[in-house]
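Scroll down for the structure; my scribbles are underneath it.
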Amino acid sequence: MQGGPGAAALPLPAGTVETLLGQALAAHKAGTLDDWLRRRPRATRWFVRRFLQPVLGTAGDALPRDRALVEATALWLRWVVSQLRPDQASVLSGIDAAAWVDRTSWRPMLALMCHYGFEPVPDFRQRYRRHPDEAASENLCGLWAIGPSTFYRYLEKGKRLAAEALLERPAAGERRIAMRQMVLRELLPRLELASPAELVDWHRRQSTLALAQQDTLSALWHLQQASAPAAFIELLQRARVDVADDAETDALIALVAAGASDPRQRFDLLLAQAALWRIRDAGDRERQAYEQALRLANGCGDALMLGIVYGALGKFYEPRDADRAFACYEDSAEFLRRAGLEDGRPPGAAVAEEYLATLVKLAWLYVLRNDPRSRAVLDRAEPLRRDPSLSPATVGMLEQTWGEYWRRAGDLRRALEHKHRALNIFEREGDRLSVLKTYANLSLIYGDAKDFDSAIAYSQRILGMAGSVPIEPETLTSTHLNLGATYFWQGRYGEAIAEYRQALAMGEQAGLSLHVRRAHYNLAEAHYKRYQLDAQPDDESQGDAHAAAALKVSPGDSDPAHLEATRNLKTEILGPRDGAPYDRLLPEEFAAHFDEMAQIQRHRAVLAVPMGAEAHVRARLAIANAYLAMSSKEREAALQLIQKHGLGDGFAAEFEQLRSTFNRELTREQQLATQWEREAGELLQEQRRIAVLEHLFRAGSIQKSIYAQVCGVGLATASKHLATLAERGLLEQTGKGPSTRYVLPG
């Protein structure tokens, strides 16, 4: 049960709360709390959920099972009364004489405390001599020199202030921890623990008990009390969804951080905090936590910690700046390699775990960009799954990524197999956040498979939980995009547009540039399709506006395939359309050099059509330039890696070979021209040599009749020239008779 003060909005008005509090206090005084709770089952369930769960979770098995609710209520009432202390101390003892006798600000609290039997009135004989067996109310009237009516005004004021405090200041954060400490102090005498070590063991047992009762916050508190930071962090990471919205979580983290002397524990705690900020949609705070962790790891010079935090930063930037995410993942892999992968020996469990996680995240990023290099990364990650030390969560991530890879490869059967395997793993581990992400992915795959009922059902599961548990904005935004896509494929364009708009608003609020761009793209697509049906001018203009917005979002995110699809969207929908989705894997070189390969593809189309020689020459030269640009990019990337990793002149021979090939290919025409001038200069004048070579470069071969036309000679002379050029090795003869042609040597 994840409840307690501050866990949910109070469903009762102030007057009702004051009345119930008064009844509980009276029952405590009369010793009838058990009967009072039993006669109000509905109010009791609300009371436990709203207020009592932290007390029960703190006390654990220290309270007898048959009396747990009654004794927990009595402890809670003591704490409620203590909250009226003007000095804010959460105890009912240690009140000095001046507060008892002279300070009127203390009287509402003292009246409640003594009248309802929580503490006796001390004896101040110099001020007032009380009678034997005198009631607390009479004792206080005599001590304060007031009449009964004034005393009862103090009493009513105390109850009113206590009820208001419960309404206006629900026990959260430091106040709830103070309540737990008060409960522990009250219970310690009955625990009869002989040593601090026994108290630690008791806290660990209570943590296990609290988890069994789904009280994660109490389990975390017990682990903090047991000085078990590693177990605390592990539970916090696993159950972050359950506790993300509770202020006590932050207070507990602060306590653990203050007591953590080990740098790795402080590092892990910062990463756990970052995950909480992500769920809370606080991107700046999330980034700051990662940057703190990065500084800590860098200060320690710990390659493993650096590899871990760069992997986390890559995940942070993934929906915001894909280029930076790639750089972070590459740095992560490099540091993990240094941490234990570069000496050829089997890596330690921690290194293997993080390395596989980084490979999976890198593959996921490739998949999101339809880059077929994702398969190579997944194939590299796959053998690592056999390591028995791997956590189920990491194996689940690998299954998730394989599922998305096969979806984009068009194999929906295999995609569903991997996604359901991932879902089984996350459900077994109780990883609610990953379960929700898997629901979102399944919704998308079932939509692709045209199983719209299943697609909608998985999306609705997520949206149905959004009101009761915190969900990462990335997951919630993706859900609206997926649900909109399902409606789109059903032709329900109005409903699709409504879902896409919600996704756009959420993505903009959370700074998720990738989701914002997709929302704009999907909105443009839906508006164009609706315009195709109804011819409403507003739909066309809306489509144009969203298409333009999609092109402007995140210019630093180099996803050229998506940009190309956006540019062509209107033409494809309002003109001929093949219905192929854009989120499918690209050919290898398209993914690596999209702009250049798209240019080559366009010019290849020109060469396929009979056109003038000039158009074909320009197309060939443009293709050559595109390949040169790709070659230069690959060479520069190699140089950057050499510089980054300090590899020096280790690749001098390879660069010399590249330079030789580069120069050879660039000057082939000049080399041939020089050779022909040297060996055929007396046979052909310069103008004729140039004309013959240009024809050969353009057409690939030359015949006797064409040679005669190009050089302005007769057929007999042309035949002699060609034979002489062949004898000198400048040409090679192919074919016989009318099919005779001459080509440049290979």
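- Note: Phe326 and Tyr366 meet the aromatic proximity criterion, with ring centroids under 6.0 Å apart.
- The pair Arg385-Glu399 meets the salt-bridge criterion, since a charged nitrogen lies less than 4.0 angstrom from a carboxylate oxygen.
- For Trp221, the ring pair (Phe, Tyr, Trp, His ring centres under 6.0 Å) test picks out His203, with sequence neighbours left out.
- Remark: aromatic rings of Tyr493 and Phe488 are close, center separation under 6.0 Å.
- In this structure, Thr394 contributes its side chain and Leu390 its backbone to no donor-acceptor pair below 3.5 Å.
- Arg373 contributes atom CZ, which lies 10.5 Å from atom CG of Leu365 (distance to the nearest 0.5 angstrom).
- In summary, of the residues considered (Asn482, Asp451, Leu483), a side chain to side chain contact (heavy atoms under 4.5 Å, CB included) with Ile456 occurs for Leu483 alone.
- The pair Arg432-Asp242 counts as a salt bridge, with a side-chain nitrogen and a carboxylate oxygen less than 4.0 angstrom apart.
- Figure legend: Arg407 and Tyr405 shown without cation-pi pairing, the cationic atom not lying both under 6.0 angstrom from the six-membered ring centre and within 45 degrees of its axis.
- A donor-acceptor contact shorter than 3.5 Å is absent between the side chain of Glu354 and the backbone of Leu336.
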Should Phe452 and Tyr446 be marked as a ring pair (Phe, Tyr, Trp, His ring centres under 6.0 Å) after you check the CA-CA gap, both sets of side-chain angles, and the distance that decides it?
-> CA-CA 6 Å; Phe452 300 126; Tyr446 278 115; over 10 Å; no
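- Note: His527 and His546 have parallel aromatic rings, judged against thresholds of 30 and 60 degrees for the angle between ring planes.
- One finds the CG atom of Leu504 at 9.0 Å from the CG atom of Leu481 (value rounded to the nearest 0.5 Å).
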Evaluation steps, salt bridge (Lys or Arg N to Asp or Glu O under 4.0 Å), between Arg180 and Glu248 | CA-CA 11 Å; Arg180 292 184 188 275; Glu248 187 181 0; 2.6 Å; yes
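- Under the side-chain hydrogen bond (donor to acceptor under 3.5 Å, both in side chains) criterion, Thr358 pairs with Ser332, sequence neighbours left out.
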Going through the checks in order, is the side chain to side chain donor-acceptor pair (under 3.5 Å) test met by Asn441 and Gln400?
-> CA-CA 8 Å; Asn441 293 331; Gln400 279 271 45; 2.9 Å; yes
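- A salt bridge does not link Glu474 with Arg278: none of the charged nitrogens is closer than 4.0 Å to a carboxylate oxygen.
- Panel note: side chain Ser513, backbone Pro319; a donor-acceptor pair is recorded below 3.5 Å.
- A salt bridge links Asp246 with Arg176: the distance from a Lys NZ or Arg NE/NH1/NH2 to an Asp or Glu carboxylate oxygen falls below 4.0 Å.
- Ion pairing of Lys361 with Glu318 is absent here, as no side-chain N (NZ or NE/NH1/NH2) approaches a carboxylate O to less than 4.0 Å.
- For an aromatic pair to be called close, the ring centres must be under 6.0 Å apart, and Phe335 with Tyr310 satisfies this.
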Check the pair Asp250 / Arg280 against salt bridge (Lys or Arg N to Asp or Glu O under 4.0 Å), numbers first and verdict last.
-> CA-CA 12 Å; Asp250 298 292; Arg280 295 168 180 172; 3.0 Å; yes
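- Counting only N and O atoms by type, the side chains of Thr486 and Arg492 include no donor and acceptor under 3.5 Å apart.
- With Tyr439 as the aromatic partner, Arg461 meets the cation-pi criteria of under 6.0 angstrom to the ring centre and within 45 degrees of the ring axis.
- For the residue pair Trp402 and Glu382, a side-chain donor N or O sits within less than 3.5 Å of a side-chain acceptor on the partner.
- Using a cut-off of 4.0 Å between Lys/Arg side-chain N and Asp/Glu carboxylate O, Asp371 and Arg408 are scored as not salt-bridged.
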